[in-house]
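Fair warning: this is a prediction, and the values are worked out from it, not measured in the lab.
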Amino acid sequence: LRGQSRPRREPDGATVWHGVFVDITARKRAEESLRSSERELRLITDNVPAMIARFDKNLLCRYANRRYAEFFGLDPLRALGMSLRQVVGEESYAHALEWARRALAGATVRYEAQRPSRDGASRQVEVVLAPNRTASGEVADWFGLMNDISERKLAEEALHARERDLRLVADNVPVMIARYGNDYVCRYANRHYAEFFEIDPARVTGMTLREVVGEACYAHALDKTRLAASGQTVRYQALRPNRSGETRYVEAVITPDRD
């Protein structure tokens with residue numbers, strides 16, 4: 001119950017109290033249900049493998065989950081009310097502000113950036129900012145979702161380095177190497193293979209078998225390639241004219257690439 005009372009003094013000097021009482025059980029239950037929902041939501045957001053925050057039009061933090069706050073070395077409760085500048089730091093502020101303004105203008109933006117974490121180490125992050133609109137369509141504030149992708153980027157760089165090493169080896173072995181898909185489109189060719197047909201190595205990828213070997217050799221090459229596509233390893237010798245018209249003897253091995 002919620003009550004309100006007011007005293008009134010009678011002519012004989014007695015004091016009379018007038019009171020109003022309202023049953024607010026339903027409201028209290030609704031408030032408790034809301035608090036329970038908020039606790040459940042924070043429990044979920046604090047344990048998802050992503051950093052989540054919400055900033056208003058004045059770029060003040062209205063919500064930050066545990067991972068987001070801890071990334072910047074903040075207590076989740078202390079982060080509330082802090083400005084974007086205070087949260088991300090001077091080094092990252094100008095860049096973060098540029099993207100935040102786009103979100104406040106109504107755009108959903110996605111980008112990658114370097115962000116210093118609480119231990120001072122630079123981390124690669126992937127960020128998505130999404131505007132939060134009112135029923136009338138006006139942008140009220142924006143939500144940010146941030147993932148630390150440093151390990152993924154390191155793995156990608158290691159893979160690229162390995163690919164560069166393999167290409168360096170493949171380009172310098174004294175054989176011609178190529179890989180074609182089932183659509184007979186070149187997926188890879190080393191330098192010797194491309195140069196035999198006098199094609200720029202950077203251009204040969206994406207060319208069809210017909211375009212690479214030429215009309216004179218296409219029918220024979222297609223026949224052998226179809227055998228490999230059916231699952232057979234094919235070995236043969238043939239005469240192949242290069243792009244200069246010079247006929248050369250070649251020994252070929254075509255091996256199917258199985259899953």
Side-chain angles (χ1 to χ4, degrees), residues 49-50 95 98-99 107-117 121-129 145-259:
H95 185 256
E98 175 189 350
W99 293 102
T108 297
V109 295
R110 184 186 302 269
Y111 64 95
E112 293 182 5
Q114 293 282 344
R115 289 285 183 268
S117 64
S122 182
R123 307 291 292 178
Q124 186 80 13
V125 296
E126 181 181 59
V127 183
V128 178
L129 304 183
L145 177 69
M146 189 167 75
N147 284 296
D148 188 337
I149 57 172
S150 303
E151 281 69 29
R152 190 185 81 190
K153 285 295 183 180
L154 289 173
E156 289 175 356
E157 180 54 38
L159 179 60
H160 293 326
R162 182 182 177 190
E163 289 174 347
R164 289 192 295 269
D165 291 343
L166 289 174
R167 177 171 283 278
L168 180 64
V169 172
D171 280 347
N172 288 280
V173 293
V175 293
M176 293 172 275
I177 304 171
R179 177 171 174 259
Y180 285 82
N182 287 332
D183 55 359
Y184 305 106
V185 173
C186 183
R187 302 286 190 260
Y188 168 79
N190 74 341
R191 179 173 54 86
H192 286 291
Y193 184 90
E195 289 179 351
F196 180 85
F197 294 105
E198 296 187 6
I199 303 173
D200 183 344
R203 194 170 62 87
V204 67
T205 301
M207 293 178 65
T208 65
L209 180 66
R210 184 194 294 267
E211 292 171 327
V212 173
V213 302
E215 289 295 335
C217 301
Y218 177 64
H220 183 261
L222 180 62
D223 178 58
K224 300 298 184 184
T225 305
R226 280 174 173 166
L227 291 175
S230 70
Q232 302 180 48
T233 296
V234 183
R235 298 174 182 271
Y236 65 94
Q237 294 182 354
L239 287 170
R240 285 284 183 268
N242 59 22
R243 289 283 175 156
S244 300
E246 181 182 4
T247 301
R248 309 289 295 178
Y249 279 98
V250 297
E251 180 179 58
V253 179
I254 307 177
T255 303
D257 182 14
R258 301 181 186 276
D259 292 336

Query raised in the report: Is it the case that more than 12 heavy atoms not belonging to Arg164 sit under 6.0 Å from its CZ atom?
Result: yes
Query - Trace of the side chain to side chain contact (heavy atoms under 4.5 Å, CB included) decision for Tyr180 with Leu209 - result: CA-CA 8 Å; Tyr180 285 82; Leu209 180 66; 3.9 Å; yes
Query raised in the report: To the nearest 0.5 Å, how far apart are CZ in Arg226 and OH in Tyr184?
Result: 5.0 Å
**Report entry** Pairwise distance CZ(Arg110) to CD(Glu126) - rounded to 0.5 angstrom
**Finding:** 6.0 Å
Query raised in the report: Sub-3.5 Å donor-acceptor pair from the side chain of Ser150 to the main-chain atoms of Gln124, do we have one?
Result: yes
Requested in this report: Taking all heavy atoms of Ile177 and all of Tyr193, pick out the closest pair and write down the distance.
Outcome: O-CB, 3.5 Å
Query raised in the report: Is the side chain of Asn147 donor-acceptor paired with the backbone N or O of Ile149 at a distance under 3.5 Å, no angle test?
Result: no
Query raised in the report: With a 4.5 Å heavy-atom cut-off, do Val212 and Ile199 have their side chains touching?
Result: yes
Report summary line: Correct closest heavy-atom pair for Glu251 and Gln237 would be OE2-NE2, 3.6 Å
**Report entry** Ring-face cation of Arg179 near Tyr188 (centre distance under 6.0 Å, axis angle within 45°)
**Finding:** no
Query raised in the report: Atom NZ in Lys153, atom CG in Asp148: separation rounded to 0.5 Å?
Result: 12.0 Å
**Report entry** Nearest-0.5 Å distance, CZ of residue Arg235 to CG of residue Leu227
**Finding:** 14.0 Å
Requested in this report: Over all heavy atoms of both residues, which pair between Arg187 and Thr205 is shortest? Give the atoms and the distance, please.
Outcome: O-CG2, 3.6 Å
**Report entry** His220 and Tyr236 aromatic ring geometry - parallel, tilted or perpendicular at 30°/60° bounds
**Finding:** perpendicular
Query - Minimum heavy-atom distance between Pro256 and Ala228, given as atom pair plus value - result: CB-O, 3.3 Å
Query raised in the report: Just how far is it from atom CG of Leu154 to atom CZ of Arg152, taken to the nearest 0.5 Å?
Result: 11.5 Å
Query - For the student: nearest non-hydrogen atoms of Phe196 and Arg240, plus distance - result: CZ-O, 3.8 Å
Report task. Work out which heavy atom in Ala194 is nearest to a heavy atom in Pro201; give both atom names and the distance. Result -> CB-CA, 3.7 Å
Query raised in the report: For Asn182, does the CG atom have more than 12 heavy-atom neighbours from other residues, nucleotides or ligands under 6.0 Å away?
Result: no
Query raised in the report: Is the closest basic N to carboxylate O distance between Arg123 and Glu151 below 4.0 Å?
Result: yes
